Amino acid sequence: MKDRTRGGTRWRRFAVVMVPGVAASAAVGVAVAQGALAASFSVSGQQFKVQAGKMVGEDFVQYGALDQNSKGAHPVAVVGVNHATINNLCQSVVVPVPGIGDVTMKLTAGDKEAVDAKQLYIDAEALKADAQFEDIDIGVSVDDTLKGKGAGKGPGPHAGDKYVPGSFAQQAKRVTFTDAKQRAWATTAGTFTLKGLKMKVGFGKDECFKDSELD
């Protein structure tokens, strides 16, 4: 599993390492249904898509949580990093408007100078990418992922997230995602600096990528 010549661990598709995280999300869902936990995050009724040509994250953590909207609860795998640089970022959301049809808002940035984010958390339902991890631990307790706390390497769980104490998580000193595509319910960051930001709103679907590209 270890690629010592590169000092990291490679997976062709991040879905390989996401599988345990999705299972952890399902466990959180059961706990919420039984009344043991409240849902962690209130989100809108629309998912959105995020695409990045390359993202390099320092101090990585991933764990299961649950987002909530008026239609119910949604299990997610939360990806968090203390600091990230992102090239060729695209974000799109499609909003169905009664009597009009679909309206798309699309943001792009980082084509010339990288987007910079600190304390970045993404609540992802699906993610596909080429990935490389450096100094990774799989199967640690989510409670022990805060850097500086014992063997913690990541930013720890996001403030306000509700999760099963001691549940599955993974952490790494550094992660690189290439050609990353994800469908998400929420993104939060302490700071999010976007150079060359462009926004476009128009009728119809003009998303960053098609759903079939996540297969």
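Only a predicted model underlies this, so the values are computations on that prediction, with no experimental measurement involved.
- Residue Glu213 holds its CD atom at 8.5 Å from NZ of Lys128, rounded to the nearest 0.5 Å.
- Looking at Lys106, its side chain never comes within 3.5 Å of a backbone N or O of Val94 through a donor-acceptor pair.
- By the 4.5 Å heavy-atom criterion applied to side chains, Tyr63 and Ser167 are not counted as neighbours.
- Pairing each heavy atom of Gly204 with each of Thr104, the nearest pair is O-OG1, 2.5 Å.
- Between Gln119 and Pro155, the closest side-chain pair of non-hydrogen atoms falls below 4.5 Å.
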Run the side-chain donor-acceptor check on residues 46-56: report pairs under 3.5 Å with partners two or more places apart or on a different chain.
| from | atom 1 | to | atom 2 | distance (Å) |
| --- | --- | --- | --- | --- |
| Gln47 | NE2 | Glu125 | OE1 | 2.7 |
| Gln47 | NE2 | Glu125 | OE2 | 3.0 |
| Lys49 | NZ | Glu207 | OE1 | 3.3 |
| Lys49 | NZ | Glu207 | OE2 | 3.4 |
| Lys49 | NZ | Phe209 | O | 3.0 |
| Lys49 | NZ | Asp211 | OD1 | 2.9 |

Subject >> Stepwise side-chain contact (heavy atoms from CB on, under 4.5 Å) test for Phe133 and Phe60 >> reply: CA-CA 9 Å; Phe133 299 85; Phe60 163 87; 3.8 Å; yes
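- Taking every heavy atom of both residues into account, Cys208 and Ser92 meet most closely at N-OG, 3.1 Å.
- The minimum heavy-atom distance between Ser141 and Gly166, with the atom names listed, is OG-CA, 3.3 Å.
- Counting only heavy atoms from C-beta outward, the side chains of Asp206 and Lys200 approach each other to under 4.5 Å.
- Hydrophobic clustering, with ILVMFWY side chains joined whenever heavy atoms are under 4.5 angstrom apart, groups Ile138 together with Val81.
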Subject >> side-chain contact (heavy atoms from CB on, under 4.5 Å) assessment of Val115 paired with Thr85 >> reply: CA-CA 6 Å; Val115 171; Thr85 55; over 6 Å; no
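- In this structure, the side chains of Ile122 and Gln182 come closer than 4.5 Å at one or more pairs of heavy atoms.
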Original post:
Is there a side-chain hydrogen bond (donor to acceptor under 3.5 Å, both in side chains) between Asp137 and Gln170 once you walk through the steps?
Top reply: CA-CA 6 Å; Asp137 300 320; Gln170 48 206 20; over 6 Å; no
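- Here the shortest heavy-atom pairing between Ala129 and Phe177 reads CB-CB, 4.3 Å.
- A distance-only check finds no donor-acceptor pair linking the side chain of Glu113 to the backbone of Gly110 [under 3.5 Å].
- Looking at Glu58, its side chain never comes within 3.5 Å of a backbone N or O of Val175 through a donor-acceptor pair.
- Between Arg174 and Asp135 no salt bridge is recorded (no basic side-chain N to carboxylate O distance below 4.0 Å).
- A 4.5 Å side-chain heavy-atom check between Asp143 and Thr145 finds every atom pair outside the cut-off.
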**OP:** List the steps, then state whether side-chain contact (heavy atoms from CB on, under 4.5 Å) holds for Phe203 with Val103.
**Re:** CA-CA 5 Å; Phe203 294 114; Val103 175; 4.0 Å; yes
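- Between the Gln171 side chain and the Lys153 main chain, a donor and an acceptor come within less than 3.5 Å of each other.
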Subject >> Worked verdict on Val76 versus Leu66 for side-chain contact (heavy atoms from CB on, under 4.5 Å) >> reply: CA-CA 6 Å; Val76 294; Leu66 206 72; 6.0 Å; no
Subject >> Intermediate values then yes/no, salt bridge (Lys or Arg N to Asp or Glu O under 4.0 Å), Lys118 and Asp116 >> reply: CA-CA 7 Å; Lys118 295 179 181 179; Asp116 189 272; 5.2 Å; no
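- Under the 4.5 Å side-chain heavy-atom criterion for grouping Ile, Leu, Val, Met, Phe, Trp and Tyr, Leu107 is connected to Leu120 within one hydrophobic cluster.
- Contact check for Thr176 versus Thr178: side-chain heavy atoms found under the 4.5 Å cut-off.
- Considering CG of Asp67 and CH2 of Trp185, their distance stands at 8.5 Å, rounded to 0.5 Å.
- Of the candidates Leu197, Thr108, Leu194, Leu194 is the only one forming a side chain to side chain contact (heavy atoms under 4.5 Å, CB included) with Leu89.
- A distance of 12.0 Å separates NZ of Lys198 from SG of Cys90, quoted to the nearest 0.5 Å.
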